[in-house]
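Okay, structure first, notes after.
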Amino acid sequence: MSVAIIGGTGIDALAGLEAAGERVCGTPYGAPSGPVEAGSIDDVPVLFLQRHGRPRALPPHRINYRANLWALRELGAAAVVAINAVGGIHEACGPGQLVLPDQLIDYTWGREHTVDEGGDSPLRHVDFTEPYDPALRRALLMAAQEAGIACRDGGVLGVTQGPRLETAAEIRRLRGDGCDLVGMTGMPEAALARELELPYASICMVVNAAPGLDDQPLTLAAMGEVLTREAGAVAALLRAFLTARRRV
Ligand code: HPA
């Protein structure tokens, strides 16, 4: 069984991946964002999928989240670690900070958000009280600590529809709702993983102060610069996590 990594903006490849080849996997929901790269890091089997496609073609609302999760499970994923570029709302979540959220609020709409299609299958209301797998989160946090990588434990991720950024008033509302972070791709990915019984956790890379919270202009170039710096820390964190997994 493998660990699946879902790459977000700025994470197009897995550092240290010994690639064994690309797997193309059809699903009842159509095609995933692209072929899944299979291989290993430090002898731990790994699957990698860039959710926006390579080259990037899929904005957050056009990603086939159902096909992505289904394909990863079909290909043998035992757990999913998602990487998400986000904006920071809480003052402790400034640009450059890595955060492992422990809660989320879903503001998205119109996305295919469930594999429950009704019909003959029994009605299921999956428990989503804790949207991220606690054991997987703990393992990631321990790996970060062991590797000396600063990573904040916990936070509420507000998931917005995009692809535009939020207004200042929307961010004030999110803050009032208790959100610490804002991103566009955290849902329905997390809920689908739960429906498919895949333990799931997210590493959020804060790439900007959320709109209206900073007097700096929000530019893709500035976000890209922070992303490039954080990508190295994420790669080191993943490697430490996978190496620890090999030990158990
Ligand atoms: N808002 C929503 N999504 C994001 C942001 C943001 O400020 N930054 C990166 N992804």
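Given the structure is predicted, the values throughout are model-derived calculations rather than measurements. Atoms considered below: every heavy atom in the structure, side chains included; atoms not considered: hydrogens, waters and symmetry mates.
Using cut-offs of 30° and 60° on the angle between ring planes, the pair Tyr200 and Tyr132 is parallel.
In this structure, Asn68 contributes its side chain and Ser33 its backbone to a donor-acceptor pair below 3.5 Å. Of the possible polar contacts, none joining the Asp177 side chain to the Cys179 backbone as a donor-acceptor pair under 3.5 Å is found. Put simply, the side chain of Arg175 gets close to the backbone of Ile89: a donor and an acceptor are under 3.5 Å apart.
Trp109 is not listed as a side-chain neighbour of Thr160, based on a closest heavy-atom distance of 4.5 Å or more. Looking at Leu238 and Ile5, their side chains come closer than 4.5 Å, going by heavy atoms from C-beta outward. A 4.5 Å side-chain heavy-atom check between Phe48 and Val36 finds every atom pair outside the cut-off. Proximity of Ile63 to His52: side-chain heavy atoms (C-beta onward) are separated by under 4.5 Å at one or more points. At least one side-chain heavy atom of Pro131 sits less than 4.5 Å from a side-chain heavy atom of Gln103. The closest side-chain heavy-atom distance from Arg137 to Asp133 is not below 4.5 Å. Contact check for Val81 versus Leu140: side-chain heavy atoms found under the 4.5 Å cut-off. Residues Val3 and Pro45 are not in side-chain contact: their nearest non-hydrogen atoms beyond the backbone lie 4.5 Å or more apart.
For the residue pair Ile41 and Leu17, the shortest heavy atom distance occurs at CG1-CA, 3.7 Å. Across Leu181 and Gly88, no two heavy atoms sit closer than the pair CD2-CA, 4.5 Å. In this structure, Leu227 and Ala85 approach most closely via the heavy-atom pair CD2-CB, 4.4 Å. Contact detail for Gln50 and Ile11: the closest heavy-atom pair is NE2-O, 2.9 Å. Closest approach of Glu197 and Pro199 over heavy atoms only: O-CD, 3.6 Å. Residues Gly186 and Leu157 approach most closely at CA-CD2, 4.3 Å, considering heavy atoms.
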Side-chain atoms of residues 204-218: list all donor-acceptor pairs with protein atoms under 3.5 Å, sequence neighbours left out, distances to 0.1 Å.
residue	atom	partner	partner atom	Å
Asp214	OD1	Gln216	N	3.4

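Remark: Glu195 engages Thr114, Val115, Val126, Leu192 in a side-chain contact (heavy atoms from CB on, under 4.5 Å) (not counting sequence neighbours).
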Original post:
Yes or no on side-chain contact (heavy atoms from CB on, under 4.5 Å) for Ser40 and Val46, after CA distance, side-chain angles and deciding distance?
Top reply: CA-CA 5 Å; Ser40 60; Val46 171; 5.6 Å; no

**OP:** Kindly determine whether Arg66 and Trp70 satisfy side-chain contact (heavy atoms from CB on, under 4.5 Å), including the steps that lead there.
**Re:** CA-CA 6 Å; Arg66 295 196 299 181; Trp70 189 275; 6.0 Å; no

Original post:
How far apart are the C-alpha atoms of Thr108 and Gln161, what are their side-chain angles, what is the distance that settles it, and do they pass the side chain to side chain donor-acceptor pair (under 3.5 Å) test?
Top reply: CA-CA 5 Å; Thr108 67; Gln161 180 70 356; 4.6 Å; no

**OP:** With side chain to side chain donor-acceptor pair (under 3.5 Å) as the test, would you mind laying out the steps for Tyr65 and Arg111 before giving the verdict?
**Re:** CA-CA 9 Å; Tyr65 297 94; Arg111 302 183 182 187; 3.3 Å; yes

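Note on Ile171: it does not cluster hydrophobically with Leu104, by side-chain heavy-atom contacts below 4.5 Å among ILVMFWY residues. Hydrophobic clustering of Ile, Leu, Val, Met, Phe, Trp and Tyr side chains at less than 4.5 Å, counting indirect connections, keeps Val182 apart from Leu100. Linking ILVMFWY side-chain heavy atoms closer than 4.5 Å, directly or via other members, places Met187 and Met184 in two distinct hydrophobic clusters. Transitive grouping of hydrophobic side chains (ILVMFWY, heavy atoms separated by less than 4.5 Å) keeps Leu58 and Ile83 in distinct clusters. With hydrophobic clusters built from ILVMFWY side chains whose heavy atoms lie under 4.5 angstrom apart, Val159 does not share a cluster with Leu98.
To the nearest 0.5 Å, atom CZ of residue Arg194 and atom CG of residue Leu198 are 10.5 Å apart. If you take CG on Leu141 and CZ on Arg138, they are separated by 9.5 Å, rounding to the nearest 0.5 Å. The structure places CE of Met1 at 11.0 Å from CG of Leu75, a figure rounded to the nearest 0.5 Å. For the atom pair CZ (Arg23) and OG (Ser2), the distance works out to 9.0 Å, reported to the nearest 0.5 Å. With rounding to the nearest 0.5 Å, the separation of SG in Cys25 from CG in Leu47 is 10.0 Å.
Applying the side-chain hydrogen bond (donor to acceptor under 3.5 Å, both in side chains) definition to pairs two or more places apart or across chains, those involving residues 81-97 are Asn84-Thr185, Asn84-Ser202.
Taking the charged nitrogens against the carboxylate oxygens, Glu112 and Arg62 have no contact shorter than 4.0 Å, which rules out a salt bridge. A salt bridge links Glu189 to Arg51: at least one charged side-chain nitrogen sits closer than 4.0 Å to a carboxylate oxygen. A salt bridge links Glu37 with Arg54: at least one charged nitrogen is closer than 4.0 Å to a carboxylate oxygen. Ion pairing of Arg239 with Asp42 is present here, as a side-chain N (NZ or NE/NH1/NH2) and a carboxylate O approach within less than 4.0 Å. Salt bridge Asp180/Arg152: absent, no basic N to carboxylate O contact under 4.0 Å.
Counting non-hydrogen atoms of neighbouring residues, nucleotides and ligands closer than 6.0 angstrom, the CD atom of Glu18 reaches no more than 12 such neighbours.
For the 3.5 Å distance criterion, the side chains of Glu170 and Tyr107 fail to qualify, holding no donor opposite an acceptor.
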